[in-house]
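Okay, structure first, notes after.
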Amino acid sequence: LLASLTARGTHVEDLSPLARCPLLAFLDLQYTHVEDLSPLASCPLLRRVDLRGTAVADISPLSASHTLQVLDLSLTHVEDLSPLLPSSPS
């Protein structure tokens, strides 16, 4: 099963196939046409995600990944980092 994907500088836009990659740990999408990260909610083992130079604005799908260690949001449209914060106990 896929654990690492580099698509840097490609014309990739649609991440929906990655919803079937639950073991994905490393993802490099620098300078791609990706905007929607919702398929990544099915990738709870993500450790490193590089979104530099993408049109991503909403990182809430990454909140499902409790193993995330490195996230590059340089040159993106992200304004809200709160989805990365641990949720408060009820």
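Within the 4.5 Å cutoff, the side chain of Ser65 has no heavy atoms near those of the Pro44 side chain.
Between atom NE2 of residue His77 and atom CD of residue Glu35 there is a gap of 7.5 Å, rounded to the nearest 0.5 Å. Note: Thr10 OG1 to Tyr31 OH = 13.5 Å, rounded to the nearest 0.5 Å. With rounding to the nearest 0.5 Å, the separation of CG in Asp28 from CZ in Arg8 is 4.0 Å.
Every side-chain contact (heavy atoms from CB on, under 4.5 Å) that Leu23 has, sequence neighbours left out, goes to Leu1, Leu45.
Between Ser60 and Pro83 the shortest heavy-atom distance is CA-CB, 3.5 Å. For Asp36 against Ser38, the heavy-atom pair with the smallest separation is OD1-OG, 2.7 Å. Of all heavy-atom pairs spanning Ala41 and Ala64, the tightest one is O-CB, 3.5 Å.
Within the structure, no pair that satisfies the salt bridge (Lys or Arg N to Asp or Glu O under 4.0 Å) test touches residues 42-51, not counting sequence neighbours.
Through direct or indirect side-chain contacts shorter than 4.5 Å among Ile, Leu, Val, Met, Phe, Trp and Tyr, Leu71 is connected to Leu2, Leu5, Val12, Leu15, Leu18, Leu24, Leu27, Leu29, Val34, Leu37, Leu40, Leu46, Val49, Leu51, Val56, Ile59, Leu62, Leu68, Leu73, Val78, Leu81, Leu84.
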